[in-house]
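Quick note: numbers below take in every heavy atom, side chains included, and nothing from hydrogens, waters or symmetry partners. In what follows, chains are A, B, ... by sequence order, proteins preceding strands, each numbered from 1.
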Amino acid sequence: MDYNHRAIEAKWQDRWESERVFNVTEDPDKPKFYNVSMYPYPSGELHVGHVRNYTYIDLITRFQTMRGYNVLPPMGWDSFGLPAENAAIQTGVHPRISVENQIGRMKEQFRRLGAAFDWDRELASHDPSYYRWDQWLFLELYERGLAYKKEAPVNWCPKDHTVLANEQVIDGACERCGTGVEKRNLSQWFWKITDYADRLLDDLDDLTEWPERVVTMQKNWIGRSEGARFRIQVAGSEDSFEVYTTRPDTIFGMTFCVLAPEHPLVEVLMKDAEAEAKVRAYVAEAGRFSEIERMSEGEKTGVFTGRHAINPANGVEVPIYVADYVLMGYGTGAIMAVPGQDDRDWEFATKYGLDIIRTVQPPSDWSGKAYLGDGPTINSGFLDGLDMADAKTTIIKWLEDEGVGEGTIQYRLRDWLISRQRYWGCPIPMIDCAECGLVPVPRDQLPVLLPEVDQWQPEGRSPLAGVESFVNTMCPNCYGPAQRETDTMDTFVDSSWYFFRYADPKNDQAMFDPEKARYWMPVDQYVGGVEHAILHLLYARFVTKFLHDIGLSPVEEPFARLFTQGMMVKDGAKISKSKGNIVAPDPYYADYGADAMRLFELFVGPPTDDAVWNDAGVPGTKRFLDKVWKLGTTEMAFGNRPPDATDREMLSEAHRTLKKVTEDIEQFHFNTTVSSLMSLVNLLQDYAAGPAERETFDKVFRMLLLMLSPMAPHVAHELWELRGYGDLLATERWPEWDDKLVVQQRVTMVIQVNGKVRDRVEVDAGITASQAEEAALASEKIDAWLQGLQVTKVITRPPSIVNIVAG
RNA sequence: GCCGGAGUGACGGAAUUGGUAGACGUGCAGCACUCAAAAUGCUGUGUCCUCUGGGCGUGUGGGUUCGAGUCCCACCUCCGGCACCA
């Protein structure tokens with residue numbers, strides 16, 4: 001008989017809530033477990049992809065609670081930013097209203113999932129009591145020189161009408177809408193994450209509980225490279241420019257230099273030069289290209305400036321080119337070109353007929369083109385004969401002695417551009433005064449409230465710039481008239497520290513109490529999508545390090561253990577609102593119940609992998625739960641007899657399952673956890689059909705419910721109560737397995753002849769090697785296979801296998 | 001191009017990290033119950049053959065080993081990340 005999931009699920013959701021089972025406070029006597037899932041943006045459409053994520057988190061919460069930890073499972077809302085604003089633009093409803101409605105809807109969906117969250121600690125980033133501390137953080141950074149405003153070529157999305165961070169440009173297109181990104185020169189706020197580049201890189205080695213691939217992605221993103229910087233003199237002038245190279249050892253092979261089109265020296269060099277018109281045209285052309293076109297590796301183009309540079313190593317004069325394959329944003333925006341040892345320089349030199357000098361001896365079978373490998377240095381004066389490493393250290397020392405350059409480390413990471421020309425975000429707490437310049441808003445005037453407006457559509461400048469009551473203010477310094485900064489902050493600012501706020505969500509005196517953070521931090525388990533491997537996780541690490549440096553955070557790394565789950569896929573695409581292939585959980589809650597839904601999400605495949613949504617899945621796991629229900633509620637005729645070997649085997653099976661389930665949960669192998677329980681139930685069903693013994697059945701069923709509790713909590717609770725095992729399953733202790741029972745007494749041993757399975761026999765688990773061999777040779781089937789053969793060797797691995805080698 | 005990860009039945013996926021390949025589930029087929037269907041239960045389900053038995057089988061080709069899905073070498077395909085970063 002099927003159980004009434006609607007009534008049961010509602011009943012237990014009420015009880016967990018009214019008895020505040022998952023609301024926690026700091027308890028120094030209990031070990032803590034801080035369990036956080038990446039807070040969602042309130043789209044209003046919780047779908048089966050989200051449900052997968054929150055089922056995992058909920059399973060951990062319930063499991064660790066049963067293991068005796070003081071578990072904090074908070075939940076909040078990433079409610080500022082483009083997704084929420086774009087949704088609001090579509091519907092015409094104010095973002096605040098729509099976001100708050102959607103939060104209500106999603107909370108209800110979480111409730112119906114049976115998700116255990118400590119709702120007392122709920123937070124939302126659009127709440128002034130939250131974003132006030134974004135502003136406070138901004139001021140702390142500003143005062144330490146880590147927030148600065150500067151005019152820079154920035155990524156501009158023409159569709160979303162906003163600037164994007166480097167991290168938000170994917171293949172030259174806007175991360176959100178896919179529109180090609182343009183370059184614009186704008187005055188913008190940056191956070192100086194590059195000051196932390198070395199620490200962000202080095203500390204990755206300590207994150208042993210992070211997926212290796214996320215660590216690798218962050219390493220690549222930070223992109224540390226070692227090389228040298230040195231100054232190059234322009235021939236016949238006082239001007240000079242600096243270049244960066246990872247191959248200073250090839251300096252004698254420099255046959256030309258290249259400046260990026262945006263390099264400030266270009267303007268100086270071409271003044272009154274013969275080539276001025278040509279160079280000017282080229283620079284203008286390069287500026288018109290979008291990021292996509294600029295980055296696509298087409299044929300290289302460039303133009304000779306008519307000027308020459310002097311190689312500091314040997315005084316040779318080489319031509320200076322302007323070419324857009326050199327990027328202003330990396331290194332110094334200028335390079336020494338060594339076509340003999342660099343593919344790009346080779347291509348350029350070949351096209352424009354420039355000299356090529358090899359400074360590293362290629363192998364004899366080298367077919368041509370640039371040689372990037374190691375080898376003895378040639379054509380290089382005092383470096384000749386040295387290998388690459390020695391040549392590098394020698395030339396760097398020489399550059400330093402001569403005072404023209406130095407060994408240096410270069411990062412690919414750029415400073416974090418946080419300004420956004422959008423309405424729905426946290427206002428930047430700065431004031432521009434004609435007399436005093438940029439003045440921070442005094443802390444006692446925080447928060448700078450986001451004004452309520454009717455026009456929030458983006459139009460190229462921040463919508464706030466049109467709100468006079470907001471813009472016009474008084475300078476806190478000289479009390480003269482002044483204007484507020486009208487850009488808002490990147491949403492990733494909000495999400496870079498919210499996990500600290502959960503520890504102390506209502507504090508109106510400070511961002512959070514360091515003592516509370518000391519208890520809860522670091523996050524013991526962080527769960528989210530791999531799409532945040534770079535953006536969010538890097539920013540959160542940066543901000544945590546900063547908060548540590550100013551004495552607020554007890555830790556330098558926020559997330560001790562990270563789990564990145566795969567996406568839920570349907571019709572070949574990630575399930576998402578923008579793809580229009582949303583599968584909502586509600587019909588499944590209604591028809592099969594949250595427990596069946598949860599179980600399918602766990603069972604669908606390895607949590608790290610993408611999983612394909614399958615409509616037949618939830619009915620399947622419901623079938624399993626009905627089986628458990630039937631087993632737990634049907635009156636059975638127990639045999640009136642003492643326990644025997646069959647009962648021992650049943651109990652032994654349960655303990656083996658317990659061991660496997662416990663270990664699988666710890667390792668996030670949830671799919672096999674579910675299949676183990678299914679196997680146990682199948683066996684228990686067979687057992688119950690035979691002359692079952694009451695006490696054994698009860699022991700096993702109790703264990704089954706305890707194990708099922710974190711996965712399908714509602715039905716497990718109901719059966720727990722019905723069978724009179726106790727009151728509230730959620731706070732019961734996770735059982736311990738008995739090692740004596742885990743061991744099997746009788747096992748099947750495989751007998752092979754020349755590596756092929758020829759027979760199987762039942763043997764005692766404690767069998768010795770010689771007994772195993774004896775048993776194998778005693779088999780009639782084996783005897784038949786050995787007819788006419790000479791046994792040369794017998795390999796025994798008791799009690800699992802015996803392999804007889806014969807020829 | 002560079003750096004990761006993965007290729008196992010009709011499908012999702014298991015396999016003490018070198019020891020029974022295909023657990024568990026879905027689907028499919030047959031049987032039972034039913035007037036019938038659904039639901040439920042039972043049985044079967046990698047492939048081929050001369051079928052109480054046996055051959056072959058984990059992307060391809062080689063290798064190591066008593067024994068390879070698992071280790072080594074070469075290759076193919078797919079997915080993810082980075083990429084004119086000097």
Among [options], the one nearest [X] by side-chain distance:
X        : options             : answer
A/Arg623 : B/U20, B/U26, B/C56 : B/U26
A/Thr216 : B/U26, B/G19, B/C3  : B/C3
A/Ser679 : B/C56, B/A86, B/C24 : B/C24
A/Lys630 : B/U40, B/G25, B/G19 : B/U40
A/Thr672 : B/A14, B/G25, B/A86 : B/A14
A/Lys627 : B/C24, B/G41, B/U20 : B/G41
A/Ser675 : B/A23, B/U20, B/C56 : B/A23

Sticking with atom [atom1], work out how far [N] lies from [M], rounded to a whole angstrom.
N     : M     : atom1 : result
B/C56 : B/C51 : C1'   : 15 Å
B/G25 : B/C79 : P     : 33 Å
B/G13 : B/G27 : C1'   : 14 Å
B/G7  : B/G59 : C1'   : 6 Å
B/G80 : B/G19 : P     : 33 Å
B/G12 : B/U65 : C1'   : 34 Å
B/A6  : B/U16 : P     : 15 Å
B/C71 : B/G53 : C1'   : 34 Å

### Query
How should the glycosidic conformation of B/C51 be described, syn or anti, under the criterion that syn lies within 90° of 0?
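Here the answer is syn: the torsion falls within 90° of 0.
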### Query
With syn defined as a glycosidic torsion within 90 degrees of 0 and anti otherwise, which applies to B/G9?
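Here the answer is syn: the torsion falls within 90° of 0.
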Please give the nucleotide sitting opposite [N] as a Watson-Crick or G-U wobble pair, both distances under 3.5 Å, or none.
N     : value
B/G1  : B/C82
B/U64 : none
B/G18 : none
B/G57 : none
B/U52 : none
B/A39 : none
B/C11 : B/G25

Take a 6.0 Å sphere around [atom1] of [X] and say whether it holds more than 12 heavy atoms from other residues, nucleotides or ligands.
X        : atom1 : answer
A/Lys781 : NZ    : no
A/Arg213 : CZ    : no
A/Glu762 : CD    : yes

[X] [atom1] to [N] [atom2]: how many Å, rounded?
X        : N     : atom1 : atom2 : value
A/Met254 : B/A86 : CE    : P     : 18 Å
A/Leu538 : B/G81 : CG    : P     : 17 Å
A/His263 : B/C84 : NE2   : P     : 19 Å
A/Asp626 : B/A38 : CG    : P     : 18 Å
A/Arg224 : B/C2  : CZ    : P     : 24 Å
A/Met217 : B/C2  : CE    : C1'   : 15 Å
A/Tyr411 : B/A86 : OH    : P     : 14 Å
A/Trp221 : B/C3  : CH2   : C1'   : 15 Å

Do [X] and [Y] sit within salt-bridge range, that is, some charged N less than 4.0 Å from a carboxylate O?
X        : Y        : value
A/Glu663 : A/Lys660 : no
A/Lys622 : A/Asp626 : yes
A/Asp205 : A/Lys219 : yes

Classify the nucleic acid contact of [X] as base, sugar-phosphate or nothing, counting any heavy atom under 4.0 Å across all strands shown.
X        : value
A/Arg656 : nothing
A/Lys219 : nothing
A/Trp785 : sugar-phosphate

Could you pull out the closest heavy-atom pair between [X] and [Y], with the gap in Å?
X        : Y        : answer
A/Arg414 : A/Thr194 : C-CG2, 3.6 Å
A/Tyr56  : A/Glu601 : OH-O, 3.9 Å
A/Val743 : A/Ser652 : O-OG, 3.9 Å
A/Val628 : A/Leu704 : CG1-CD2, 4.1 Å
A/Pro312 : A/Arg231 : CG-O, 4.1 Å

According to a strict under-4.0 Å criterion, is [X] in side-chain N/O contact with OP1 or OP2 of [N]?
X        : N     : answer
A/Lys574 : B/G80 : no
A/Tyr325 : B/A86 : no
A/Asn614 : B/G25 : no

### Message
Both A/Thr245 and A/Val757 contact RNA chain B. Taking the nearest nucleotide for each, which residue is further toward the 5' end?
### Response
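The answer here is A/Val757.
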### Task
Nearest-nucleotide wise, let me know which of A/Thr332 and A/Ile801 is further upstream toward the 5' end of RNA chain B.
A/Ile801
## Note on the structure
Its contact letters, B for base, S for sugar-phosphate only and - for none at protein heavy atoms under 4.0 Å, make nucleotides 5-13 of chain B read -------BS
### Task
Apply salt bridge (Lys or Arg N to Asp or Glu O under 4.0 Å) to A/Arg760 and list each qualifying residue two or more places apart in sequence or on a separate chain.
none
List, with names and distances, any nitrogen or oxygen atoms from the protein found under 3.5 Å away from nitrogen or oxygen atoms belonging to nucleotides 64-70 of chain B.
residue: B/C66; atom: OP1; partner: A/Lys793; partner atom: NZ; Å: 3.4
residue: B/C66; atom: O2'; partner: A/Asn803; partner atom: ND2; Å: 3.1
residue: B/C66; atom: O2; partner: A/Asn803; partner atom: ND2; Å: 2.6

### Message
A/Phe600 and ring pair (Phe, Tyr, Trp, His ring centres under 6.0 Å): which single residue from A/Tyr592, A/Trp613, A/Phe624 fits?
### Response
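Output: one option passes, namely A/Trp613.
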